[in-house]
S.K.: 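Dumping the structure here so I can ask a few things about it.
Computation of the quantities below employed the complete heavy-atom set of this structure, encompassing side-chain atoms and omitting hydrogens, waters and symmetry-equivalent molecules.
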Amino acid sequence: MYKHDKYIILSFPISENTPLYGNNGKIIIEKLTSIDDGNSANTLSINFPNHSGTHIDVPRHFFNDGLSLTDYPVSFWIFNNPQLIEVSCNEGQLISAVDIEQTINPESDILLRTGFENSRGQPKYWDCNPGLAPELGTILRT
């Protein structure tokens, strides 16, 4: 996440230099057509692993019988009342209800920011990233 005027951008830009989770694979951006070369449009081919950039890991990613991205209705992904909660985390920390319960607005759609985005491209980003304690997951689902 990074700030841009009055907005908080949730995605990092994709480029061939974007760090990938676990340093697995690479992003390949190839020019297919160009107006400068006499084509009617500028066209690119973009090839990348599914763990590239900012993304959502749905249950199917971890469980063969889990829901996939297309199993969710579009309305599921719309936040009408977002609330950004910043939680400074240590490596491997499980964020608990105690860490954020005083700041939760029960009418909001919670977004957690741990600051770990500053470690992108480093092994601790995928080896020791923070997570959610089980009881927090239960609280956030209600």
S.K.: On a heavy-atom basis, which atom in Glu117 and which in Phe12 lie closest, and how many Å separate them?
M.R.: CB-CZ, 3.5 Å
S.K.: Taking all atoms of both residues into account, what is the closest heavy-atom pair of Lys31 and Leu44, and its distance?
M.R.: CA-CD2, 3.8 Å
S.K.: Contact between Thr103 and Glu86 at the side-chain level, heavy atoms closer than 4.5 Å - yes or no?
M.R.: no
S.K.: Counting C-beta onward and ignoring hydrogens, is there a side-chain heavy-atom pair between Phe79 and Leu111 closer than 4.5 Å?
M.R.: yes
S.K.: Which heavy atom of Asn80 sits nearest a heavy atom of Pro82, and at what distance?
M.R.: C-CD, 3.6 Å
S.K.: Contact between Ser96 and Leu136 at the side-chain level, heavy atoms closer than 4.5 Å - yes or no?
M.R.: no
S.K.: On a heavy-atom basis, which atom in Pro49 and which in Asn24 lie closest, and how many Å separate them?
M.R.: CG-O, 3.9 Å
S.K.: For the residue pair Ile27 and Ile14, establish whether any side-chain heavy-atom pair is separated by less than 4.5 Å.
M.R.: yes
S.K.: Kindly indicate, with the supporting measurements, whether the criterion side-chain contact (heavy atoms from CB on, under 4.5 Å) is fulfilled by Asn47 and Lys26.
M.R.: CA-CA 8 Å; Asn47 186 335; Lys26 61 183 178 174; over 6 Å; no
S.K.: Of the options Thr43, Asp37, Ile35, which is the one that meets Asn39 in a side chain to side chain contact (heavy atoms under 4.5 Å, CB included)?
M.R.: Asp37
S.K.: Does the side chain of Ile100 come within less than 4.5 Å of Ile95's, by heavy atoms?
M.R.: yes
S.K.: Grouping I, L, V, M, F, W and Y whenever their side-chain heavy atoms are under 4.5 Å apart, do Leu20 and Ile29 come out in a common cluster?
M.R.: yes
S.K.: Carefully, step by step, assess Phe62 and Asp57 under the rule side-chain contact (heavy atoms from CB on, under 4.5 Å).
M.R.: CA-CA 8 Å; Phe62 298 101; Asp57 283 335; 3.7 Å; yes
S.K.: Kindly compute the distance separating CG (Asn105) from CG (Asn81), expressed to the nearest 0.5 Å.
M.R.: 6.0 Å
S.K.: Less than 4.5 Å apart, side chain to side chain, heavy atoms only: is that true for Ile110 and Ile104?
M.R.: yes
S.K.: Between Thr114 and Ser88, is there a donor-acceptor pair closer than 3.5 Å when you use the side chain of the first and the backbone of the second?
M.R.: no
S.K.: For the residue pair Arg113 and Leu84, what are the closest heavy atoms and their distance?
M.R.: CB-CD1, 3.8 Å
S.K.: Between Phe116 and Asn129, what is the shortest heavy-atom contact and its length?
M.R.: CE2-CA, 3.6 Å
S.K.: Quick check on the hydrophobic clustering: are Leu67 and Ile56 connected, directly or via other members, by side-chain heavy-atom contacts under 4.5 Å?
M.R.: yes
S.K.: To the nearest 0.5 Å, what is the distance between OG (Ser119) and CH2 (Trp126)?
M.R.: 10.0 Å
S.K.: Should the pair Tyr72 and Trp77 be assigned to parallel (<30°), tilted (30 to 60°) or perpendicular (>60°) ring geometry?
M.R.: perpendicular
S.K.: Output, in order, the C-alpha distance, side-chain angles, deciding distance and verdict of side-chain contact (heavy atoms from CB on, under 4.5 Å) for Leu132 and Leu94.
M.R.: CA-CA 5 Å; Leu132 302 181; Leu94 289 180; over 6 Å; no
S.K.: Determine whether more than 12 heavy atoms belonging to other residues, nucleotides or ligands lie under 6.0 Å from atom CZ of Phe63.
M.R.: no
S.K.: If I take atom NZ from residue Lys124 and atom CG from residue Asn90, how far apart are they, to the nearest 0.5 angstrom?
M.R.: 9.5 Å
S.K.: Under 4.5 Å between any side-chain heavy atoms of Gln93 and Asp99, yes or no?
M.R.: yes
S.K.: Considering only heavy atoms from C-beta outward, does the side chain of Glu107 approach that of Gln83 to under 4.5 Å?
M.R.: no
S.K.: I'd like to know if the side chain of Thr18 and the backbone of Pro13 have a donor-acceptor N/O pair within less than 3.5 Å.
M.R.: yes
S.K.: Could you go through Asp127 and Glu91, starting from their C-alpha distance and side-chain angles, then the distance that decides it, and tell me whether this counts as side-chain contact (heavy atoms from CB on, under 4.5 Å)?
M.R.: CA-CA 9 Å; Asp127 287 340; Glu91 292 181 24; over 6 Å; no
